[in-house]
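Single-structure report; data block below.
Side chains included, hydrogens not; waters and symmetry mates left out as well; all remaining heavy atoms used. Order of the sequence lines fixes the chain letters, A, B, ..., with proteins taken first and strands second; residue numbering starts at 1 for each chain.
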Amino acid sequence: MRKVTVFITLKQGVLDPQGKQVQESLNVLGYKEVQEARVGKYVELQVEDGPNIEARVQEMCDKLLANPVIEDYHFDVEEAVHS
Amino acid sequence: MRFAVIVFPGSNCDRDMYHAVKDVLGEEADLVWYQNSNLENYDGILLPGGFSYGDYLRTGAVAATSDVMNQVKKHARNGKPILGVCNGFQILTEAGLLPGALMQNKKLSFMCHQEELVVENNETIFTRGFEKGEVVRFPIAHGEGNYYCNSETLSELQTNDQIVFTYRNNPNGSVENIAGIINKHGNVLGMMPHPERAVEALLGSNDGLKLFQSLVKNWRESYYVTNA
């Protein structure tokens with residue numbers, strides 16, 4: 001079994017109203033140093049070990065996990081744990 | 001004309017849509033559950049609003065992967081009229097049948113009120129009954145209606161006259177005030193405002209009637225031509 005972690009973020013240039021609100025709220029709390037916040041998603045998958053795992057996860061991202069019109073993604077596949 | 005109103009788990013405007021075409025227009029319509037469905041015998045497909053699959057992941061993303069959407073894609077290619085309203089529009093973009101994406105409203109809040117729209121293109125099968133530039137009033141009810149596309153897609157939409165409705169007072173931050181767009185082929189329309197909730201003057205507006213009437217009229221005429 002492999003653990004796959006997928007990070008999905010809004011593309012640069014796409015407005016992120018939620019991130020903007022988070023930034024403003026942090027500023028209100030006194031964290032004036034925060035100039036920008038962008039909110040994304042984190043997905044954890046447990047995937048059976050097999051061939052082409054990277055290619056298959058990339059497909060999963062393109063088909064469902066991310067929307068390429070507005071989002072970028074990257075993922076990490078953790079090494080298999082042998083017991 | 002026989003309509004299929006597709007019902008996903010979490011759809012909630014399916015009955016409004018059904019009521020509009022069946023009771024108000026007097027056409028044939030079925031509520032079609034998304035599983036084990038067959039869309040062959042329908043002349044038009046309506047994707048209603050709501051919160052399919054609880055808006056999990058992204059609005060419309062999960063519904064876009066369903067088998068019924070594969071059928072919708074096939075019928076879209078064959079030229080069958082398809083209308084997606086609100087969540088239906090979100091599903092159409094997620095399924096790749098319309099360009100762009102619907103993002104969270106600029107002011108982050110869910111909005112539910114009547115908006116004035118401008119008919120930008122009255123040469124589609126959905127809008128022939130309107131005047132070009134006519135101002136109509138349809139309700140909106142959405143949290144994610146902020147239409148986004150990159151500048152390349154936008155200029156393509158403009159060049160091909162695919163922007164069908166715009167907001168007079170942009171409520172949600174949509175690019176170029178876009179409220180509704182059509183595909184290049186002219187048979188798939190997606191829009192955030194609800195024409196099906198504007199079919200009776202008693203309920204605030206009947207401007208939506210013209211949209212459904214245009215569609216039915218076009219279908220009758222083309223049916224007559226192909227079968228005469």
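- Other residues, nucleotides and ligands place no more than 12 heavy atoms under 6.0 Å from the NZ atom of Lys184(B).
- Atom CZ of Arg128(B) has more than 12 neighbouring heavy atoms from other residues, nucleotides or ligands inside a 6.0 Å radius.
- In Glu33(A), the CD atom is crowded: over 12 heavy atoms of neighbouring residues, nucleotides or ligands sit closer than 6.0 Å.
- Heavy atoms of Leu10(A) lying under 4.5 Å from chain B belong exclusively to its side chain.
- Your options are Val43(A), Asp16(A), Val14(A), and the one with the most heavy-atom pairs under 4.5 Å with chain B is Val14(A).
- For a residue to count as touching a neighbouring chain, one of its non-hydrogen atoms must lie under 4.5 Å from one of that chain's; by this rule Asn105(B) touches chain A with the backbone only.
- Minimum heavy-atom separation, Leu108(B) to Gln21(A): CD1-CB, 3.6 Å.
- Put simply, NZ on Lys63(A) and OG1 on Thr65(B) are 10.5 Å apart, with the number rounded to the nearest 0.5 Å.
- Within a 6.0 Å sphere centred on CG of Asn36(B), heavy atoms belonging to other residues, nucleotides or ligands number 12 at most.
- In terms of heavy-atom proximity, Ile70(A) sits nearest to Tyr148(B) at CG2-CD2, 3.4 Å.
- Within a 6.0 Å radius of CD in Gln46(A), more than 12 heavy atoms belonging to other residues, nucleotides or ligands are found.
- Within a 6.0 Å sphere centred on CZ of Phe7(A), heavy atoms belonging to other residues, nucleotides or ligands number more than 12.
- In this structure, Leu57(B) and Leu64(A) approach most closely via the heavy-atom pair CD2-O, 3.2 Å.
- Looking only at side-chain heavy atoms (C-beta outward), Arg58(B) and Lys41(A) come within less than 4.5 Å of each other.
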